[in-house]
Amino acid sequence: MEQTFIMIKPDGVQRGLVGEIICRFEKKGFTLKGLKLITVDRPFAEKHYQDLSAKPFFSSLVDYIISGPVVAMIWEGKNVVLTGRKIIGATNPAASEPGTIRGDFAIDIGRNVIHGSDSVESANKEAALWFPDGPVNWQSSLHSWIYE
Ligand code: UDP
Ligand code: MG
């Protein structure tokens, strides 16, 4: 089953959005396979965002991510990478639809509350970086009520 890496950024933690965000993924029917509250250092944040290292906003992005604790998660389910991105909404909250997390809870692109992997390949890479011991191995007893 497909997995994605989701991170509630420091602004999401500070603003008390952790429960609300977890709720949206849980209610959809996805399964939580990893969860931790963690403050990361600059080299770690730079590694997570290494593909963006040439961008002009890279250093302010890294400053933002290391500014406080984040909630790192692995979520599992059919099409969870793409559907997770839809639940999160467009990168710039000004363009995120209402009903998405960024559309409902964010205004500026540099304070957009949440990260989600953009492909299965980056999901696997990011999950391995943040959860070197791997996901928690369990099966939800609701499985047959969510999947036909
Ligand atoms: N970002 C920014 N300015 C920009 C583009 C991106 O501050 O012009 C930040 C924003 O927080 C975004 C993150 O960099 O979430 C990673 O950018 P990416 O293009 O990967 O967007 P995402 O995958 O998070 O939607
Ligand atoms: Mg991205």
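Numbering of ligands and ligand atoms starts at 1, following listing order. Just so you know, residue 1 is the first one in the sequence shown, and it goes up from there.
Residue contact check: N112 has heavy atoms under 4.0 Å from atoms 10 (C), 11 (O), 12 (C), 15 (O) of ligand 1. Close approach of ligand 1 to L52 (heavy-atom distance below 4.0 Å) involves ligand atoms 16 (C), 17 (O), 20 (O). Listed by number with element, the atoms of ligand 1 under 4.0 Å from a non-hydrogen atom of T91 are 12 (C), 21 (O), 22 (P), 25 (O).
Neither the backbone nor the side chain of K55 has any atom closer than 4.0 Å to an atom of ligand 1 (non-hydrogen atoms only).
In terms of protein heavy-atom proximity, atom 10 (C) of ligand 1 is closest to I109 O, 3.3 Å. Counting only heavy atoms of the protein, atom 13 (C) of ligand 1 lies nearest to L61 CD1, 3.8 Å. For atom 23 (O) of ligand 1, the closest heavy atom belonging to the protein is R85 NH1, 2.7 Å. Looking from atom 3 (N) of ligand 1 to the surrounding protein, the closest heavy atom is F57 CG, 3.5 Å.
Taken to the nearest 0.5 Å, the CD1 atom of I114 stands 5.5 Å off from the CD1 atom of I6. Atom CD1 of I8 and atom CD1 of I22 lie 5.0 Å apart (nearest 0.5 Å).
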Full working for salt bridge (Lys or Arg N to Asp or Glu O under 4.0 Å) between D41 and K47: CA-CA 10 Å; D41 60 17; K47 194 165 182 193; over 6 Å; no
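In summary, the aromatic rings of W130 and F44 are positioned with their centroids under 6.0 Å apart.
Note on ring orientation: taking the six-membered ring where Trp is involved, the planes of H115 and F5 are tilted (angle from 30° to 60°).
Within the 4.0 Å heavy-atom cutoff, K9 counts among the residues contacting ligand 1. Taking 4.0 Å as the cut-off, D118 does not count as a neighbour of ligand 1 on heavy-atom distance. The shortest heavy-atom distance from R102 to ligand 1 is under 4.0 Å. The closest approach between R111 and ligand 1 stays at or above 4.0 Å for every heavy atom of the residue.
The neighbour count for Q50 CD, taken as heavy atoms of other residues, nucleotides or ligands under 6.0 Å away, is above 12. Around atom CH2 of W145, no more than 12 heavy atoms belonging to other residues, nucleotides or ligands sit under 6.0 Å away.
The side-chain hydrogen bond (donor to acceptor under 3.5 Å, both in side chains) test with S117 singles out one residue from Q3, R85, E126, K125, and that residue is E126.
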